[in-house]
Undergrad: 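What follows is a single structure, and I will ask about it in a moment.
Chain letters run A, B, ... following the sequence lines, proteins first and then strands; every chain starts at 1. Quick note: numbers below take in every heavy atom, side chains included, and nothing from hydrogens, waters or symmetry partners.
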2 protein chains.
Amino acid sequence: MNIDPKLCQVDSALDIIVGKWKPIILLHLMHNGRMRFSELKRSIPEITQKMLTKHLRELESEDIVKRVVYPQVPPKVEYSITEYGRSLEEILVAMHEWGSRHTSRKKQKLSKEMSV
Amino acid sequence: MNIDPKLCQVDSALDIIVGKWKPIILLHLMHNGRMRFSELKRSIPEITQKMLTKHLRELESEDIVKRVVYPQVPPKVEYSITEYGRSLEEILVAMHEWGSRHTSRKKQKLSKEMSV
DNA sequence: CCGTATCCTTCTTGATACTG
DNA sequence: CAGTATCAAGAAGGATACGG
């Protein structure tokens, strides 16, 4: 580890991806390409419209997500990952993989304790 | 991106490293090896004892940090990264680097706007 | 269809004082 | 030295209703 802790920039990255539904929103968009608002909403049933809007706006303001409004009635809005946003993919994948291993590790520990 | 968003485990990883002072605590321990409580406190002047204790306890409960108490008066307690905790290093470095690029990117955008 | 606005609850953090 | 305990403030998230 040769990062000077005083210059820690981990938080700048965390600021982007932390939020109750942000990782899953990003994974959906990375997985599916362009998605309409309602499509995202259906894909994440427990999220409220308010939180979906809020998180998408935050991601948009950081240039991670692109929002395209089609001037129609009824409205149509499509979201997608920007090219810049793609640079987060590696990190998300790494975190998902670490998280998967961590979860199964915890389950193993738990089952060991239960068998004692 | 071939992660099924329904099986997203990014949050399991985020749970570990999210917390106002957790990344910097981890970087200090990864950088310096074993550190005493007071040493950590001095290295992160703005943190309160309460938050330092809380974060360390959480990291310890996830087996990321090891806590060793020396039965002395006055007390001496040393913290270090576990071998398992080392598996987080890659991700933290990746996030720090992404965060650094992101920060300078934002600065560039800002100075462009200022010059208009 | 794609949002806003309002109110409310819960979680996180901080300030401060105290202790073996 | 290395913590706990208590109280308070702020931020994040949720429920619900309404609007172009």
Undergrad: Do any N or O atoms from the side chain of B:His96 and from the backbone of B:Leu92 form a donor-acceptor pair under 3.5 angstrom?
TA: no
Undergrad: Return the value, rounded to whole Å, for the distance between atom CG of B:Leu52 and atom C1' of D:dT4.
TA: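 It works out to 14 Å between those atoms.
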Undergrad: Between B:Arg42 and D:dA2, does any side-chain N or O lie under 4.0 Å from OP1 or OP2?
TA: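 No.
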Undergrad: What I want to check is whether the side chains of A:Glu62 and B:His102 have a donor and an acceptor closer together than 3.5 Å.
TA: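 B:His102 and A:Glu62 do have a side-chain donor-acceptor pair below 3.5 Å.
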Undergrad: Any side-chain N or O of A:Arg67 below 4.0 angstrom from OP1/OP2 of C:dC2?
TA: no
Undergrad: Nearest-Å distance, NZ (A:Lys20) to C1' (C:dC11)?
TA: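 Between C1' of C:dC11 and NZ of A:Lys20: 11 Å.
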Undergrad: Any idea how A:Trp98 and B:Tyr84 line up, ring-wise: parallel (<30°), tilted (30 to 60°), or perpendicular (>60°)?
TA: parallel
Undergrad: Tell me what B:Tyr70 touches on the nucleic acid: a base, only sugar-phosphate, or nothing, going by heavy atoms under 4.0 Å.
TA: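 It contacts nothing in the nucleic acid.
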Undergrad: Nearest-nucleotide wise, let me know which of A:Pro75 and A:Gly19 is further upstream toward the 5' end of DNA chain D.
TA: A:Gly19
Undergrad: When the distance from NE2 of B:His55 to P of D:dA2 is rounded to whole Å, what number comes out?
TA: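 Whole-Å distance recorded here is 19 Å.
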Undergrad: Could you check how far CZ of A:Arg36 sits from P of C:dC2, rounded to whole Å?
TA: 5 Å
Undergrad: Indicate, with a heavy-atom threshold strictly under 4.0 Å, whether B:Lys41 touches base, sugar-phosphate, or nothing.
TA: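 Touches nothing.
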Undergrad: Between A:His31 (side chain) and B:Ile3 (backbone), is there a donor-acceptor pair under 3.5 Å?
TA: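 Yes; judged by distance alone, with no hydrogens or angles, the pair exists.
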Undergrad: To the nearest Å, give me how far apart NZ (B:Lys54) and P (C:dG14) are.
TA: 10 Å
Undergrad: Just how far, in rounded Å, is C1' of D:dG3 from CD1 of B:Ile47?
TA: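 Spelled out: CD1 on B:Ile47 to C1' on D:dG3 is 14 Å.
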Undergrad: I need the CD-P distance between B:Gln49 and C:dG20, as an integer number of Å.
TA: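 It works out to 16 Å between those atoms.
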Undergrad: For B:Lys50 and C:dA15, what is the distance between atoms NZ and C1' respectively, to the nearest whole Å?
TA: 9 Å
Undergrad: Checking contacts here: which listed nucleotide (D:dG3, C:dG3, D:dG13) is nearest the side-chain heavy atoms of A:Met51?
TA: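 Comparing D:dG3, C:dG3, D:dG13 against the side chain of A:Met51, the answer is D:dG13.
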